[in-house]
Amino acid sequence: MLPEDDDMGIESEDDEIAEEEIQTESGFGSVIVVDNLPCVSPEKYEKLLGVVTRLFSRVGTIREGGLWMPTDPETKDSLGFAFIEFLTPAEAHAAREQTNGYKLDKSHTFVVNMFDDFEKYLKVTDEYQPPAPKEYVPTDNLLEWMMDRRGRDQFVVRYGDETEVHWHDAARRQPEEVYKRTFWTESFVQWSPRGTYLATVHRQGVAVWGGPKFVRLMRFSHPGCVLIDFSPCEKYLISYSSQEPNNPREKASLTLNIFDIRNGKKLRNFTGGTEDFAVGAAAGPGGSLKWPVFKWAGGCDDKYFARLGKNAISVYETPDMGLLDKKSLKLDGVHDFAWSPAEPILCAYQTEQSGGNLPARISLVRMPDRQELRQKNLFSVSDVKMFWHPQGDYLAVRVERYTKTRKSTYSAFELFSLKERDIPMEILELPDKSEKIIDFQWEPRGNRFAILHGDGPRPTFSLYCMKDLKTTARGVQLIGTLPNKQANCMSWSPQGKFLILGGLKALNGQLEFFNADDFETLNAAEHFMCTDIDWDPTGRYVATSVTSIHQMENGYNIWLFNGELLYRTPKERFYQYLWRPRQPTLLTPEQERDILKNLKQRTKRFEEEDEALALESDAGLVAMRKKLMKDWEDWLESKREWIEQNEATRRAILGDRLQEGEFTVEQVEVEDKLGTTEELIAA
Amino acid sequence: MRPYLLKGHERPLTQLKFNREGDLLFSCAKDPHPTLWYSSDGQRVGTYIGHNGAVPSCDVSLDSSRLLTASQDSSAKLWDVETGECLHTFKFQAPCRAVAFSLGEQHAAISTDAFMAQPSLIHIVKLAEDPADQESEPEISFTCPKGRISRVAFTDGNTTLLAVSEDGYVRRYDVETGKMLQEEHIHEGYIQDMQMSTDGTHFVTASLDKTAKLVDAQTLEVLKTYVTERNANSAALSPIFDHVLIGGGQEASQVTTTSSRAGRFEARFFHKIYEEEFASCRGHFGPINATAFHPDGRSFVTGGEDGYVRLHHFDNDYFSARFF
């Protein structure tokens, strides 16, 4: 929270807008004006008043004495309009929405307006004034961080009231500060998926920052915004706020705004009851909503996004934000869906219909032509979970089925290979089908997957591959399995090959660094009470952090991929650690292959550089210590006079009780004679 | 060297104090018996019996003849160190917390906690030459801002008094008038301990905000900060090296909720100037509440929530090794 009377240098035009709205809460924000009422004589006045009161109390609570229907002072006839004040502006807005255009009878159709709108529109001058063209200000290079000569990565940390962006300097084994700001955000920060922007969330809405100096690039007004989501190519931003019901008659409602990040325009707004959005798998416990509401299709310049509806998936198209082909994708009993991260293909899961006569279905549907690429019927399904391969090569569907007695369930995986013709599908059942699946993770940029399964406190770790690299024989194969792992989650390096088995939270932060190629453990370590594991985008370093959900040990550690601890940074009240994502590579596959081939030669230069840096940083440390010592000695020197004065008073007070020189420190040099040998030197 | 384990208290320790020569060690705890030990071998000399409640702090006179103790039984007692006889009892309306002799023992400062409607107070009492003539009424009592005052110390030739408090402030008072001359907010949490350097130019504080700080005694400016990641309950300055000893650990009430390793109950050594930790010494199985360096800098003591006092003598390596 920002302190009173201090905006920490973040002056905001939103403040005015927001304040205006807040001010009216006690003023006229909750007042509506109803026009086109019948003009009635004093005898009928009471009756009309009753009708109006009844009509509007249905929508919200009218304030005590908050209904006023003016009358002509001479004729005492009513003038045909009324002012109604509700308890809250939200109720007033709702009343306007619902009663505007209400037909009281043939000749009287209500026209309802917000009281404040009259004033607002009266202020608008009748003459058109063209807006002054803004001068062009060249923006900073937003991708500047990608041009770091040493190829370092950035990360953002949030602790206490501080938010800081650092370089991760592996050679010097320390973070290097790039930018910091106190009270930068009011709830959390989030990088955009390609790292160009950093979003901060405030009461008034969202702000995005970027460039070398982290200047504010754009602001998106959304009062009460709590959650945000970027589209994968960073073109759009979705913000979300929800409104709890004021009284039991109302239902929780939500507001979603979609903004264009670059020009800041609000492209579309979705409002409605939370229950309309929280359907199927999107519904959390207690009627809450799971984020994200809208899921973005992968790999096509943010073209489509979709949300789950009742018996349908609504797919929207950018940039006009309308429903694709003006109709939703009808799927009876659809419960969950997931987009492929690489193509506009979505996988939808429909539950059993008409009492189990229609089986449950998994279908792969391609957009925009809505062609069903593949579908699979499933029987006696209890639950389904979908796991897309990060590059969209494969799709794993975990199916929980009831046993015959329908008392317990067992799991199996249906594995789709999307890159092959006709999308073949395989079924994988673990040796013990009834075991609990704790975690499932695809290897990024590879074709292996890891499963953590087992019922006890020490589960089993198994590694499978989708095709044999040597024989290129297709078919899922077990690479190896290791029992008794102290782990409850797995995290692959974004480059594949390495993964960490983490025993987080209750397991005290055990970390096992594992090499999947050789199927061997590289290192076992512990970050006590660790709550999060984050790989850097290059897969070279891992950050483990203890966030403030745990009281002690707050802070983060940085490890090399093989489990060597590089440095640790304790921070009290630690909230967030986020690596800055990277832009997609500009190298062609050929170039990448070429680099891999000549890796030895290429790394030589960098190794030399790193060594020089390490030396330099050692020298830096020594110099720094020298300086600290010098400062301290200077400080002591500055106190000399004061000490002498003090000593004088001491002497005066204590008199002869003071003996000189209570303890003195002597530097003693001790020489040890290790031995003597006599040698004759030839003359 | 293996430490001497001094078992004499059955409740958590609160303060440890060497006399000027360093041959005697005074310990006080949350039990009513302040205890005297020989610092060379940890032999118990005796206890001072008379208090009826926990004893949060004590002070010993320069000539080691008098001991002043503050107790939660709302009294402070002046003892004859040698005989263990209580020479005088100062009675107050509220539990006592901090005590300090002035230089030359003409006066003493005693702080009392806020109790019932009474605020936190600091009392300055004049000490008579002969304990028989001792007056019970303080010369002056002055009100302090809310919060317990955990340690007090006379400075500037007995003209001013430094007090550290629960609200994270260190304050300087005029001894004559009781006027607050200066206050600085140096910690975010309860300041548990304050120990002066031998030359009186700076002092070290330990706080529940998980830091210990080195403060300029003249300007009250923070010079150095030692980050401990755990509650810091006590900090002491080595009289011969630029070393700071910090004791603390996870709060005692939470020890059972996590594994013992997480507690960090070690005595930890920081370099005073580089602010870096370079050594630690395990032993206590609860947080350390009190630390002290021997005046010759060759040994140190720690007292824990576990009721034990550990008396360590440094090995020769400590004096010859270069830590940085």
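Residue numbers start from 1 in every chain, and the chains themselves are labelled A, B, ... in the order their sequence lines are given, proteins ahead of strands.
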Self-check item: Lys NZ or Arg CZ of Lys17(B) over Phe26(B) ring: under 6.0 Å, within 45°
Solution: no
Applying a strict 4.5 Å limit to non-hydrogen atoms, the region of Glu276(B) in contact with chain A is side chain
Looking only at His271(B), Lys210(B), Gln218(B), the option with the highest number of non-hydrogen pairs under 4.5 Å against chain A is Gln218(B)
Worksheet item: Does Arg625(A) make a cation-pi contact with Tyr274(B), if we ask for NZ or CZ under 6.0 Å from the ring centre and within 45° of the axis?
Response: yes
Among Leu628(A), Leu636(A), Asn646(A), the residue with the most heavy-atom pairs under 4.5 Å to chain B is Leu628(A)
If you tally heavy-atom pairs under 4.5 Å between each of Asp242(B), Thr155(B), Asp216(B) and chain A, the highest tally belongs to Asp216(B)
Cut-off 4.5 Å, heavy atoms of chain A, and the answer for Asp156(B) is both
**Q.** Aromatic Tyr318(B) / basic Arg298(B) pairing, under 6.0 angstrom, 45° off normal
**A.** no
Q. In terms of the angle between their ring planes, are Phe278(B) and His243(B) parallel, tilted or perpendicular, with boundaries placed at 30° and 60°?
A. tilted
Checked Met624(A), Gln645(A), Arg568(A) vs chain B; the most non-hydrogen pairs under 4.5 Å come from Arg568(A)
- According to the interplanar angle, ranging from 0 to 90°, do the rings of His168(A) and Trp579(A) count as parallel (below 30°), tilted (30 to 60°) or perpendicular (above 60°)? perpendicular
